[in-house]
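As structure tokens, the structure follows; a few thoughts come after it.
The residues of the chain are indexed from 1 along the displayed sequence.
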Amino acid sequence: HSSSRGAAEMRPDGLIFIGKEEDIKKSGRITAKINGREIVVFYHEGKFHALDSRCYRKILAHMISMLQQLSIKYDIHGQACIVCPWHKFKITLETGEGLYEGINPLEPSPTPQWQSKGVKQRIHKLTIDNGSVYVCPPDLSVSFDSDYFAEKYKNGGELAM
């Protein structure tokens with residue numbers, strides 16, 4: 001998959017244009033800035049998915065991961081996921097949930113099973129109209145872990161050391 005950068009422009013109804021449907025399908029992904037916030041849009045198995053491009057893990061600034069550099073893993077706990085190249089975190093494309101394999105030590109023969117950490121990565125609602133892909137501005141009244149780094153890197157800013 002290659003990645004390219006979309007030029008965001010807003011429609012009168014508030015939707016923000018991020019790219020042509022066919023271009024995103026061909027490349028498999030695109031990044032775009034939405035009000036200074038970088039997102040990545042994936043096309044996977046007939047669906048578009050949009051989420052913050054910065055991993056949700058709060059770590060040192062020099063280790064921040066951009067999710068567009070990763071590959072899509074199939075069928076983790078029945079869901080398509082991306083895996084952060086730095087942290088190896090599994091994040092669902094559909095919901096932004098963080099997944100991990102854990103065991104229940106109280107079981108007689110503990111076996112690792114996929115579990116949810118909850119929604120960690122902000123996903124963005126997409127609309128397709130006349131061959132163009134649009135994203136809705138995020139509802140920031142609800143916060144997710146990925147918001148921290150999305151804000152710190154807004155407009156190309158760098159996290160203070």
> Hey, what's the ring geometry for H49 with H44, parallel, tilted or perpendicular (30° and 60° as the breaks)?
Replying inline: tilted
> Do NZ/NE/NH1/NH2 and the carboxylate oxygens of K90 and E101 come within less than 4.0 Å?
Replying inline: no
> Are the side chains of V135 and I39 in touch, meaning some heavy atoms are under 4.5 Å apart?
Replying inline: yes
> Looking only at heavy atoms, what is the nearest atom pair of T111 and I103, with distance?
Replying inline: C-CG2, 3.7 Å
>> Contact between Y43 and E21 at the side-chain level, heavy atoms closer than 4.5 Å - yes or no?
In response: no
> What are the two closest non-hydrogen atoms of L99 and S116, and how far apart are they?
Replying inline: CD2-CA, 4.0 Å
> Rounded to the nearest 0.5 Å, what separation is found between the CG atom of D13 and the SG atom of C136?
Replying inline: 8.5 Å
> Once you round to the nearest 0.5 Å, how far does SG of C81 lie from CG of L93?
Replying inline: 7.0 Å
> Do the non-hydrogen side-chain atoms of V41 and F48 ever get within less than 4.5 Å of each other?
Replying inline: yes
>> Could you measure the distance from the NZ atom of K20 to the OG atom of S132? Nearest 0.5 Å is fine.
In response: 3.0 Å
> Can you list the steps and then say if E22 with K26 is a salt bridge (charged side-chain N to carboxylate O under 4.0 Å, His left out)?
Replying inline: CA-CA 6 Å; E22 284 308 310; K26 284 179 194 170; 5.9 Å; no
>> Ignoring hydrogens and geometry beyond distance, is a side-chain donor-acceptor pair present between K120 and S146 at under 3.5 Å?
In response: no
> Is V119 isolated, or which residues cluster with it under the ILVMFWY side-chain rule of less than 4.5 Å, directly or via members?
Replying inline: V142, F144
> Please, which pairs that meet salt bridge (Lys or Arg N to Asp or Glu O under 4.0 Å) have at least one residue in residues 124-139, sequence neighbours excluded?
Replying inline: R11-D129
> For the residue pair P105 and P110, what are the closest heavy atoms and their distance?
Replying inline: CA-CG, 4.5 Å
>> Would the distance check show the side chain of Q121 and the main-chain N or O of D52 forming a donor-acceptor pair, the cut-off being under 3.5 Å?
In response: yes
> Would you say the side-chain atoms of E97 and T92 include a donor-acceptor pair closer than 3.5 Å?
Replying inline: no
> Are any of the side-chain heavy atoms of I76 and W114 separated by less than 4.5 Å?
Replying inline: yes
>> Would E151 and R37 count as a salt bridge (charged side-chain N to carboxylate O under 4.0 Å, His left out) here? Give the steps.
In response: CA-CA 7 Å; E151 281 301 310; R37 179 188 202 105; 3.7 Å; yes
> Is any side-chain heavy atom of Q113 closer than 4.5 Å to a side-chain heavy atom of E107?
Replying inline: yes
>> Could you go through D145 and R122, starting from their C-alpha distance and side-chain angles, then the distance that decides it, and tell me whether this counts as salt bridge (charged side-chain N to carboxylate O under 4.0 Å, His left out)?
In response: CA-CA 8 Å; D145 290 1; R122 178 177 295 279; over 6 Å; no
>> Counting neighbours of NZ on K25 that are heavy atoms of other residues, nucleotides or ligands and sit closer than 6.0 Å, is the number greater than 12?
In response: yes
> Minimum heavy-atom separation for A32 to I18, with atom names?
Replying inline: CB-CG2, 3.7 Å
> Quick one: are F42 and L51 in side-chain contact, heavy atoms under 4.5 Å?
Replying inline: yes
> Would I128 and L126 show up in the same hydrophobic cluster when neighbours are defined by side-chain heavy atoms closer than 4.5 Å?
Replying inline: yes
